[in-house]
Amino acid sequence: EILTDVPVGTWEGNQKHLSSCVGYFIWRDIQYGDRGELFPVLIVINGVAVSPADPDWACAKLHFQVADANVHETCSHLYGAHFAMEPIAVATGRFLPPTHPVRRLLTPHFRFLLFNNDLGKNRLVNPGGFVDRLLASSLSGSLELVKRAANNFDFTKQAFGNDCIERGMDNTIALPHYPYRDDGLLLWTAIGTYVSKFITEHYADVKVLLADLNLLQWWSALSSSKEANLNGIPVDRTIENLVFILQRIIFTSGPYHAAVNFPQYEYMAFTPNMPLSAYEAFPASVLRTLPPYTQVAKQLEVMEILTSYRHDEFGNYSEEDRATFSKKEQSILDSFQSQLDKTEKIIMARNKVRRIPYHYLLPSLIPNSTSV
């Protein structure tokens, strides 16, 4: 629905195509643990229902992938992982002094965010940039999608566990194999424990929290429509809500961004699997629908750039960052790292029995911040 009436772009004078699609899947069990597959049974494209038995099925799948790719890049990735975190990082720098415990907690998870967002605005979301050139929507259309993502954003509803429920993906009986949900829960829980221990070390009760004027200014900025302008920020000043906010920020900066960024190479570097634009209206032959070779080469190049660099490992802070922590805080951080080591082993064991290993939430492969 979010793609309705989005302006499309052109390439070398030729019209690109972006269809509003709905895909229907069923879980096809093969009666062995969580083995099975999500099997596509129908695609409704521009009001036309297409099934696997139809001759235009391959073309319909391409248009569906194009739609998914455009929503992924502009909404899930660009806004959800990058732009939604930017006002939080700015508020943290404005309202919390360098010695403040919340700022020290968040500093490793905001590293490079503002620089990369600025780089993205000048090289990705700019006339002639990656978004303008490769995505099916025009540059104005892509920015419209970012705006729609911002308008639909809800800090609480789209937090990890709530998001799975909102999308109906929390049912482990109906959908036994969903690695993002299952591995993500381990990380979400570990982050929550870490943040809770860290915060309660500084705020013994809500009276101490309410006496922290810097923290209250920061919190007000996050929930202000004139400043951060983020929907769904908890407004009650409680320790539990503060822990949730910080847990959400750290999860988004690390695991969430890793889950939306690093799989892009395996899914999108081979353009016929997930082209960023269709070059012929539905229905048409597959070859006429796929991008020209110059676009294919650029898509491959960009996906390699976006997914080939990891600055550090989640939970492993630099000596400079650790030095800002007290001995007690370092002990809490060490416990967090120990829990992440256990999480790594659990995920590696799961991957041995999965049909396709899911590497993207291995703590060793997650950067601390949105660094690419």
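Basis for what follows: all heavy atoms, side chains included, without hydrogens, waters or symmetry-related copies.
The existence of a salt bridge linking Arg167 and Asp163 is confirmed by a sub-4.0 Å separation between a basic side-chain nitrogen and an acidic carboxylate oxygen. Using a 4.0 Å cut-off between a side-chain N of Lys or Arg and a carboxylate O of Asp or Glu, Arg28 and Glu37 qualify as a salt bridge. Taking 4.0 Å as the cut-off between side-chain N and carboxylate O, Arg104 and Asp321 do not count as a salt-bridged pair. Asp183 has a carboxylate O that lies under 4.0 Å from a charged side-chain N of Arg350, or vice versa, which qualifies the two as a salt bridge. A salt bridge is absent between Glu329 and Arg322; no separation between the charged side-chain nitrogens and carboxylate oxygens falls under 4.0 Å. Taking the charged nitrogens against the carboxylate oxygens, Glu144 and Arg148 do have a contact shorter than 4.0 Å, which makes a salt bridge. Using a 4.0 Å cut-off between a side-chain N of Lys or Arg and a carboxylate O of Asp or Glu, Glu280 and Lys16 do not qualify as a salt bridge.
With hydrogens and angles ignored, the 3.5 Å screen pairs no side-chain donor or acceptor of Ser338 with any backbone N or O of Asp334. No donor-acceptor pair under 3.5 Å is formed between the side chain of Asn117 and the backbone N or O of Glu86. A distance-only check finds no donor-acceptor pair linking the side chain of Trp218 to the backbone of Val102 [under 3.5 Å]. The closest donor-acceptor contact from the side chain of Ser369 to the backbone of Arg111 lies under 3.5 Å. Between the side chain of Gln247 and the backbone N or O of Val195, no donor-acceptor pair lies under 3.5 Å. A donor-acceptor pair under 3.5 Å is absent between the side-chain atoms of Asp56 and the main chain of Cys59, judged by distance alone.
Met169 CE: more than 12 foreign heavy atoms inside a 6.0 Å radius. Atom CZ of Phe115 has 12 or fewer heavy atoms from other residues, nucleotides or ligands within 6.0 Å. For Lys147, the NZ atom is loosely surrounded, since the number of other residues' heavy atoms within 6.0 Å does not exceed 12.
Side-chain atoms of Ile2 and Asn152, non-hydrogen and from C-beta on, do get closer than 4.5 Å to each other. Taking the side chain as every heavy atom from C-beta outward, Phe282 and Val50 approach each other to under 4.5 Å. Two residues are said to be in side-chain contact when any heavy atoms from C-beta on lie closer than 4.5 Å; Tyr203 and Leu242 meet this criterion. Between Ser138 and Val8 there is no side-chain heavy-atom pair separated by less than 4.5 Å. Counting heavy atoms from C-beta outward, Thr92 and Ile88 have side chains that approach closer than 4.5 Å. The side-chain heavy atoms of Cys75 and Val146, taken from C-beta on, include no pair separated by under 4.5 Å. Side chains of His100 and Asp212 form a contact here, defined as non-hydrogen atoms less than 4.5 Å apart. Proximity of Leu187 to Phe251: side-chain heavy atoms (C-beta onward) are separated by under 4.5 Å at one or more points.
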Ring pair (Phe, Tyr, Trp, His ring centres under 6.0 Å) between Phe39 and Phe25, intermediate numbers included: CA-CA 5 Å; Phe39 185 72; Phe25 298 78; 8.9 Å; no
Check against side chain to side chain donor-acceptor pair (under 3.5 Å), Arg103 and Thr324: CA-CA 10 Å; Arg103 178 162 172 176; Thr324 68; over 6 Å; no
Stepwise side chain to side chain donor-acceptor pair (under 3.5 Å) check, Asp236 with Asn241: CA-CA 7 Å; Asp236 291 339; Asn241 279 344; 4.8 Å; no
Verdict with supporting geometry, Glu73 and Asn70, side chain to side chain donor-acceptor pair (under 3.5 Å): CA-CA 5 Å; Glu73 294 296 0; Asn70 278 256; over 6 Å; no
Residues Arg248, Gln158; criterion side chain to side chain donor-acceptor pair (under 3.5 Å); working and verdict: CA-CA 9 Å; Arg248 165 80 154 98; Gln158 293 172 1; 4.6 Å; no
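Hydrophobic clustering (side-chain heavy atoms under 4.5 Å, transitive across Ile, Leu, Val, Met, Phe, Trp, Tyr) keeps Leu38 apart from Val41. The cluster map of Ile, Leu, Val, Met, Phe, Trp and Tyr, joined by side-chain heavy atoms under 4.5 Å apart, puts Met85 and Tyr79 in the same cluster.
Residues forming a ring-ring contact (aromatic ring centres under 6.0 Å, His included) with Phe336 (at least two apart in sequence, or on another chain): Tyr194, Phe314.
Between Tyr256 and Phe160, the distance separating the two ring centers is not shorter than 6.0 angstrom. Not less than 6.0 angstrom separates the ring centroid of His63 from the ring centroid of His17. Between His109 and Tyr317, the ring centre distance stays below 6.0 Å. Taking the six-membered ring for Trp and the full ring otherwise, Phe325 and Phe198 have centroids separated by under 6.0 Å. Ring pair Tyr265/Tyr267: centre-to-centre distance not below 6.0 Å.
A tilted orientation is assigned to the rings of His311 and Tyr309, their planes being inclined by 30° to 60°. Between His82 and His77, the ring planes lie tilted relative to each other; the angle falls in the 30° to 60° range. Between Tyr178 and Tyr180, the angle of the ring planes lies from 30° to 60°, which puts this pair in the tilted group.
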